[in-house]
Amino acid sequence: LISRDEGDQPSAIGSTSVVASVSGPIEVRLNAELPSKATLEVNVRPLIGISATPEKHYAKQIRDVFEQILILSQHPRALVQLVVQALSPITTSQWNRSSYTLASEGLTAQSSKRPADIANPTLIAAMLNAASLAFLNASSIPMRGTLCAVAVGKKQSMMPSTRSSTEAGGLVLDPTEDEFGDGWGVFAFAFGQTFGGETKAGSEPVWVDCVGLSDGATYSAAVALAQKGANDVMRYFREELTKAERADIETNPSPMDVL
């Protein structure tokens with residue numbers, strides 16, 4: 001799917017899977033060159049076919065996020081290229097549509113299917129996490145922190161809860177297709193080292209994309225739940241990077257280790 005570059009990394013959330021690859025800094029085209037920082041180019045490839053409007057929408061979202069995280073000023077007049085390959089369908093047209101309809105979507109209450117242009121929040125989160133791991137694996141571009149993204153769904157108000165009582169208000173992490181009812185959100189947190197050496201996320205997400213979470217209390221609850229999920233994602237990052245480092249040492253031992 002994607003040839004191995006400086007860094008490549010798969011990511012999966014439930015049944016949603018993607019793989020990301022990073023190249024750079026490399027030579028940039030003259031018309032895309034920036035004198036004060038590197039140019040970040042993001043390409044999203046669908047599971048089947050060629051890139052179209054949904055893929056361009058995802059690519060813009062990913063670029064907007066990582067332009068805040070990457071320190072691109074360290075490599076002016078260069079190109080950093082990120083390629084994200086979806087291993088799950090990009091669109092959500094196969095998802096069931098609840099009887100509750102968000103006014104902001106401009107849909108009728110009789111809609112039985114989610115239209116293809118409604119974003120798949122779980123896929124967005126998986127793409128952001130795969131890209132973050134790819135940049136960490138490449139280690140060629142300095143970062144202000146480690147980005148971890150989480151999807152949160154708000155179940156239908158009338159739907160009987162099938163989850164534990166700790167998920168107050170019908171909010172669930174990494175929702176399945178049947179658990180997108182009244183709204184959803186994708187929350188990205190940046191983890192950084194504190195003065196005490198502890199890796200900790202900020203209290204507020206650095207990037208949010210949500211629908212139907214406009215109520216203050218619901219939004220605050222969603223952020224709190226997402227932060228807990230982001231901590232789990234960060235632990236997964238550590239495990240994967242530790243495995244990769246051990247495998248690299250076993251494959252390419254240093255001369256001192258050989259002696």
Side-chain angles (χ1 to χ4, degrees), residues 1-13 16-92 116-151 186-191 205-210 233 237:
L1 294 171
I2 300 177
S3 59
R4 185 175 180 85
D5 296 306
E6 281 85 350
D8 61 342
Q9 191 68 42
S11 175
I13 298 179
T16 303
S17 301
V18 300
V19 62
S21 174
V22 171
S23 300
I26 56 179
E27 186 178 358
V28 64
R29 299 186 308 274
L30 187 61
N31 62 347
E33 182 180 276
L34 297 175
S36 60
K37 64 179 183 178
T39 300
L40 177 61
E41 180 181 286
V42 180
N43 296 305
V44 174
R45 299 177 183 175
L47 177 62
I48 300 174
I50 61 175
S51 298
T53 301
E55 289 76 26
K56 293 178 181 178
H57 172 69
Y58 285 127
K60 183 181 184 305
Q61 288 184 310
I62 296 170
R63 185 172 61 253
D64 290 345
V65 176
F66 280 96
E67 282 182 341
Q68 303 178 57
I69 299 297
L70 301 174
I71 306 177
L72 298 173
S73 59
Q74 294 293 315
H75 299 282
R77 303 181 186 276
L79 174 67
V80 177
Q81 190 175 58
L82 171 66
V83 179
V84 180
Q85 169 73 60
L87 305 181
S88 302
I90 289 284
T91 62
T92 58
D117 59 351
I118 292 182
N120 181 339
T122 306
L123 181 60
I124 298 174
M127 286 181 173
L128 291 172
N129 289 331
S132 185
L133 267 176
F135 278 114
L136 289 171
N137 193 29
S139 301
S140 57
I141 307 296
M143 302 171 69
R144 293 183 173 88
T146 301
L147 188 84
C148 298
V150 178
V186 181
F187 301 85
F189 292 87
F191 284 75
V206 295
W207 182 84
V208 176
D209 184 17
C210 63
V233 173
F237 278 14

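Computed from a prediction, not measured in an experiment: that's the story for all the values here. We count residues from 1, following the sequence as given.
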Indicate yes or no for a side-chain donor-acceptor contact from [X] to the backbone of [Y] under 3.5 Å, with no hydrogens or angles considered.
{"X": "E55", "Y": "A52", "value": "yes"}
{"X": "S21", "Y": "V83", "value": "no"}
{"X": "E41", "Y": "L82", "value": "no"}
{"X": "S132", "Y": "L147", "value": "yes"}
{"X": "R77", "Y": "A38", "value": "no"}

Which atom pair, heavy atoms only, marks the closest approach of [X] to [Y]?
{"X": "V18", "Y": "A126", "value": "CG2-O, 3.3 Å"}
{"X": "A134", "Y": "A20", "value": "CB-O, 3.9 Å"}
{"X": "P205", "Y": "F187", "value": "CG-CD2, 4.1 Å"}
{"X": "L70", "Y": "M143", "value": "CD2-CG, 3.7 Å"}
{"X": "A149", "Y": "N129", "value": "N-OD1, 2.7 Å"}
{"X": "A151", "Y": "A125", "value": "N-CB, 4.0 Å"}

Taking the side chain as everything from C-beta on, heavy atoms only, tell me whether [X] gets closer than 4.5 Å to [Y].
{"X": "W207", "Y": "L128", "value": "yes"}
{"X": "S36", "Y": "S73", "value": "no"}
{"X": "I71", "Y": "R144", "value": "yes"}

Point to revise | Among T146, V22, I141, the one residue meeting side-chain contact (heavy atoms from CB on, under 4.5 Å) with L136 | key: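 One option only clears the test, and that one is T146.
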Review point. Rounded to the nearest 0.5 Å, how far does CG of N43 lie from NZ of K56?
Key: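 Rounded to the nearest 0.5 Å, the NZ-CG separation comes to 10.5 Å.
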**Study point:** Selection residues 65-84 - residue pairs positive for ring-ring contact (aromatic ring centres under 6.0 Å, His included), sequence neighbours left out
**Key:**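 Of all non-adjacent pairs touching residues 65-84, those that pass ring-ring contact (aromatic ring centres under 6.0 Å, His included) are F66-F135.
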Practice item. Walk me through it: do Q61 and V65 pass the test side chain to side chain contact (heavy atoms under 4.5 Å, CB included)? Key: CA-CA 6 Å; Q61 288 184 310; V65 176; 5.6 Å; no
For residues 24-32, tabulate all N or O donor-acceptor pairs below 3.5 Å that involve a side-chain atom, not counting sequence neighbours.
none

